[in-house]
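The next block holds one structure in the form of structure tokens; read it before the comments.
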Amino acid sequence: MSPALHTAAHMIPPHALTRLAQEWLGEDAPNFDPAGVCVGSQEIEARLLCKTPHSVLAGSPFFTAVFTEVGCTVDWVFQEGTEIGPDAITLTAVVRGPARCLLLGERPALNCLARASGIATRCSQLQAMATVRGWHGEVAGTRKTTPGFRLVEKYAMLVGGVSMHRQDLSGMVMLKDNHIWASGSITQAVKAARSVCGFSSKIEVECCSAEEGREAAGAGADIVMLDNFQPQELHVAAQALKEEFPTLLIEASGGVTPGNMATYFSPHVDIISLGCITQGCPVVDFSLKVQKPVAHSSLQE
């Protein structure tokens, strides 16, 4: 396992984990939890089971944060970024704490872990595809994330071994078609963006033709996104732009899927971004099973 996989959690500020855990718990139990009366506060143990073999574990810091917030502990069998399996059902962690509190945290914690692990698994598969074919560019996610859940989903991309791309609108300037149309031209849009973002932010321009890419690069864009190009025309346009602007980064996006991504690989393409990393991505099936107390019978004299 690469060190980057299990140290990505060091990027998450503790206060962000606490804030998210509180928000998720507050969403699920905004007032009373009547079912808590049924189980009380006796100490119990529950086993976290993974039912999707060959899945990459991601989201354990968030899972743990939810249970920490309700006074429970989590002991992990696997490290973050590890592939779980090949068994059909695999013990992944053990959770201990007061019954009503453990069950209070169950669903928010599982939702987070299932989603994050699903994204990390897909990312791992995509990165493996690039590695096998010898492509040295970066597979990247997008901002097509679930509202309120972006930090988790972007983190899961890192665990899965791909680039997060920009995290938000402040992270990098991306001038899309609507920006260009509203401002008047690519050159005007790049000039205006550069006047406020200074040296610390890169500027990327979404382009629908090689000519637009040439204008963007000439105006000072750092990255040109060739959007919705067919693979063959992408290769031709990327090579031409690289020959004219050697330091320019080329990104391919639009219409790229796990099934056709390999056709976009090119020594002239630096980044391939896919919205399907988060949109429509399958989740990993986890369940939390409370262990029944063992009855101890005493021997009578």
Side-chain angles (χ1 to χ4, degrees), residues 1-2 4-5 8 50-59 80-86 88 90 111-147 149-167 174 176 204 206-208 223-238 249-286:
M1 177 172 56
S2 166
L5 297 183
C50 178
K51 302 177 183 179
T52 309
H54 304 294
S55 297
V56 175
L57 177 64
E80 190 84 331
T82 302
E83 183 177 295
I84 301 174
T90 304
N111 285 348
C112 179
L113 196 68
R115 178 75 174 143
S117 296
I119 291 171
T121 300
R122 170 163 283 182
C123 289
S124 178
Q125 293 165 347
L126 293 172
Q127 185 56 49
M129 187 187 305
T131 300
V132 165
R133 288 166 173 78
W135 184 65
H136 300 294
E138 294 197 40
V139 179
T142 69
R143 277 172 50 246
K144 295 176 180 177
T145 53
T146 308
F149 212 57
R150 180 174 294 174
L151 191 150
V152 177
E153 295 178 352
K154 290 288 190 177
Y155 166 80
M157 294 178 196
L158 288 181
V159 176
V162 308
S163 170
M164 294 186 294
H165 211 291
R166 61 173 177 167
Q167 297 180 52
M174 183 183 289
K176 301 177 75 66
E204 178 169 8
E206 178 185 270
C207 300
C208 297
I223 309 168
V224 163
M225 176 195 287
L226 299 178
D227 189 42
N228 286 310
F229 277 57
Q230 292 300 310
Q232 190 53 46
E233 65 172 337
L234 168 74
H235 302 323
V236 173
L249 293 177
I250 303 291
E251 176 176 345
S253 189
V256 187
T257 68
N260 68 14
M261 187 177 78
T263 63
Y264 289 83
F265 294 157
S266 163
H268 308 294
V269 173
D270 303 288
I271 307 133
I272 298 177
S273 56
L274 303 88
C276 65
I277 282 178
T278 48
Q279 290 191 325
C281 182
V283 299
V284 173
D285 187 7
F286 287 99

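- In terms of the side chain to side chain donor-acceptor pair (under 3.5 Å) criterion, Thr52 has no residue partners (sequence neighbours excluded).
- Residues Leu274 and Pro258 come closest through the heavy atom pair CD2-N, 4.2 Å.
- Asp270 meets the salt bridge (Lys or Arg N to Asp or Glu O under 4.0 Å) test with Lys242; sequence neighbours excluded.
- Separation of atoms CD1 (Ile272) and CG (Leu126) is listed at 10.0 Å; rounding is to 0.5 Å.
- The line from CG of Leu57 to CD of Glu83 is 11.5 Å long, rounded to the nearest 0.5 Å.
- For the pair Pro86 and His54, the minimum side-chain heavy-atom distance is below 4.5 Å.
- Scored by the side-chain contact (heavy atoms from CB on, under 4.5 Å) test, Ser273 finds Ala140, Thr142, His165, Glu251, Ser253 as partners (sequence neighbours excluded).
- Residues meeting the salt bridge (Lys or Arg N to Asp or Glu O under 4.0 Å) test with Glu204, sequence neighbours left out: none.
- Considering all non-hydrogen atoms of both residues, Cys281 and Cys276 come closest at CB-O, 4.0 Å.
- Taking both residues in full, the closest heavy atoms of Phe229 and Ala237 are given as CE2-CB, 3.9 Å, listed atom of the first, atom of the second, then distance.
- Contact between Phe265 and His235 at its shortest, heavy atoms only, is O-CE1, 3.4 Å.
- The stretch residues 121-130 participates, sequence neighbours left out, in no salt bridge (Lys or Arg N to Asp or Glu O under 4.0 Å) pair at all.
- Considering only residues two or more places apart in sequence or on other chains, Gln127 meets the side-chain contact (heavy atoms from CB on, under 4.5 Å) condition with Ala130, Thr131, Val139, Val162.
- Considering OG of Ser124 and CE of Met157, their distance stands at 14.5 Å, rounded to 0.5 Å.
- Listed by first and then second residue, the salt bridge (Lys or Arg N to Asp or Glu O under 4.0 Å) pairs that reach into residues 272-285 come to none, sequence neighbours excluded.
- Taking 4.5 Å as the limit, every side-chain heavy atom of Asp227 sits out of range of all side-chain heavy atoms of Lys176.
- In terms of heavy-atom proximity, Ile277 sits nearest to Cys123 at CG2-SG, 3.6 Å.
- With sequence neighbours excluded, the residues that form a side-chain contact (heavy atoms from CB on, under 4.5 Å) with Ala238 are Leu226, Ile250, His268, Val269.
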Worksheet entry | Test side-chain contact (heavy atoms from CB on, under 4.5 Å) applied to Ile119 and Thr278, step by step | CA-CA 6 Å; Ile119 291 171; Thr278 48; 4.0 Å; yes
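- Every residue was checked against the side chain to side chain donor-acceptor pair (under 3.5 Å) condition with Gln167, not counting sequence neighbours, and none meets it.
- Remark: Arg115 engages Glu153 in a salt bridge (Lys or Arg N to Asp or Glu O under 4.0 Å) (not counting sequence neighbours).
- With Thr121 contributing its side chain and Val56 its backbone, the two residues share a donor-acceptor pair below 3.5 Å.
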Worksheet item: Hey, mind stepping through Met261 and Trp135 against side-chain contact (heavy atoms from CB on, under 4.5 Å) and telling me if it holds?
Response: CA-CA 11 Å; Met261 187 177 78; Trp135 184 65; over 6 Å; no
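- Atoms CZ and OG1, on Phe286 and Thr90 in that order, are 9.5 Å from each other to the nearest 0.5 Å.
- Heavy atoms only, all atoms of each residue included: Tyr264 and Gly255 are closest at OH-O, 3.9 Å.
- Under the side-chain contact (heavy atoms from CB on, under 4.5 Å) criterion, Thr263 pairs with Pro231, Asn260, sequence neighbours left out.
- By the salt bridge (Lys or Arg N to Asp or Glu O under 4.0 Å) test, Lys144 pairs with no residue at all, sequence neighbours left out.
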